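Below is one structure, written out as structure tokens; the observations come after it.
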Amino acid sequence: MRCDIGKQNKDNVVEKVVSLAKRKGFVFQSSEIYGGLNGCWDYGPLGVELLKNLKEEWWKAMTYREDVEGLDAAILMHPRVWQASGHVDNFTDPMIDCKQCKSRFRLDTLAEQISDKKKEKILRHFPENLSDELTEEFKGIMNSDESVTDKFTAILENENLSAKLLEVTNCPNCGTQGQFTEPRSFNLMFKTFVGPVESSDNAVYLRPETAQGIFVNFLNVQNSSRQKLPFGVAQIGKAFRNEINTKNFLFRTREFEQMEMQYFVKPSDDEKYYAQWKETRMQWYKDLGMTEDKLRFHDHPADKLAHYAKEATDVEYLFPFGWGEIEGIHNRTDFDLSRHEEFSGKSQKYFDEETKEKFIPFIIETSAGASRSFMAFLVDAYNEEEVNNETRVVLKLHPKLAPIKVAIFPLVNKDGMPEIARDIEKGLRPYMKVFYDSKGAVGRRYRRQDENGTPFCVTVDTQTLSDGTVTVRERDSMEQERIHKDELLNYFIVKLK
RNA sequence: GCGGGCAUAACUCAGUUGGUAGAGUGUCAGCUUCCCAAGCUGAAUGUCGCGGGUUCGAAUCCCGUUGCCCGCUCCA
């Protein structure tokens, strides 16, 4: 019972944020007037500012330093890139469902869920009912030196034998036989075509990650920037994955934006820089005001690492629906550059002047989700407070992230106050995103800005007319101080630094 | 992809046994207001997600579809 109530409250937060996001212009559903497009979202006037600020903070933190260069690679890349990266082969998940108990299994891990004894038994009886041709294929696999699990998996992944084996395999969950659906294969990459003709000869993919654009430019960047190891290359850009399920607002979408930095190091330095970047990246979220208690590392256990990784951890944020990854930090070893060297035939080695050694660098990857961070910052900022027996909705966004930095009001819309307020607006506008409002009661205007996350409101009142000072109201504390209008620009520049 | 829930104004929702839609909030215009959203007057807004069907008549019943949420699954 208590659980259910808790869940309801949690769900409400996401719903409230989605509702607020639409109402105030942060996020709209893609193609909404046509009924929407699954898993795609548009950023509205305030959302695009928040997203831009978020990316800018990342860009400054990650590239305004001696040892990191920026890059913006094309979304479309040579198809061989994705063969080298492993995405063509590994980015697919053939899956089956048990019609009886509705359990779903990945074909490549199904064998692990069945005992060796059982598998041997199934395989022993399997040759029955096979055509001669298939029997040959079957024997070929069985005569290898692989483990029984690998043999079983090999047959499951064999186009001709798979269905036959599934017929005689029991569901690991409910034990029912012969109730598996056909394996469905999903390649999570979006495919399209270069040029006017749609044929497999000119198929290309929308990149499923920005990282490969960095890897293939490793030597270009290194040569042109004269960088020496260790150094990094950073990039912000869209990536696309044809996810089976989209979920949780901006958290799992088919089109999303990444902020990735690949740090090239001597192989012997990998652990040092992996640890260093872990801390640096975690601190970034904290510095931008994300609640510390809702941040943690989730280290990947050694047996669950991706094929390219030696070490991996996620920076996770406690969303209303649970912990979710907002950034991955990986030690990718020399996997990527070695693969590209192999597939392109172009040496990717680095020559170390000091030791006179030639080697392929290791890569420490920091891969942050811009869209996911956006959602995390938004959810984290959402607050409802009781003020004078009323609920105040306020987005406590860090001033650096806030879409609008300063709102400027005349206390009343007469007596020369609007003119002064307009002058103040004009003076600040070239330096920061400002907003002018003269409509309705001033309290209402304050609350409206609270919902937008605007950290400061300037109000021109009667006293301004005589001594030139205005009130500056701070969003979170709702406290005011008087500042001379000519000091405002400096005041805010310091506050927003 | 499976199962469940939901879909009515910008937002949150109401809509009785089928008779062509309402409220609150918000928005806009004006008045009032010297500092924290509920003062006054007035106004705009919906082919009731979309497409079929049943019916004299569908927001309401049936089928399909799309989207969102939850669970499972998945997330190299």
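Note on naming: letters A, B, ... go to the chains in the order of the sequence lines (proteins, then strands), and numbering restarts at 1 for each one. Just so you know, these numbers come straight off a predicted model, no measurement behind them. What you see below is based on every heavy atom in this structure, not just the backbone, and it leaves out hydrogens, waters and symmetry mates.
Here A/Gly328 lies out of heavy-atom contact (under 4.0 Å) with every strand. If you check every strand for non-hydrogen atoms under 4.0 Å, A/Arg392 touches nothing.
Comparing B/rU8 with B/rC48, their C1' atoms are spaced 4 Å from each other, to the whole Å. Nucleotides B/rC63 and B/rC70, compared at atom P, are 26 Å apart to the nearest Å.
Across all strands shown, B/rA14 forms no Watson-Crick or G-U wobble pair with both key distances under 3.5 Å.
For the atom pair CZ of A/Arg296 and OG1 of A/Thr313, the computed distance is 10.0 Å after rounding to the nearest 0.5 Å.
Atoms CZ (A/Phe319) and P (B/rC70) sit 13 Å apart, rounded to a whole Å. Put simply, CE on A/Met417 is 11 Å from C1' on B/rC35, counting in whole angstrom units.
Of the two residues contacting RNA chain B, namely A/Glu209 and A/Leu37, the nearest-nucleotide position lying further toward the 5' end is that of A/Leu37.
Relative to the ring axis of A/Tyr436, A/Arg422 places its NZ or CZ within 45° and under 6.0 Å from the centre.
Minimum atom distance to the side chain of A/Lys22 is reached by B/rA10, of the listed B/rC28, B/rC72, B/rA10.
Residues A/Tyr317 and A/Phe319 place their aromatic rings such that the two centres sit under 6.0 Å apart.
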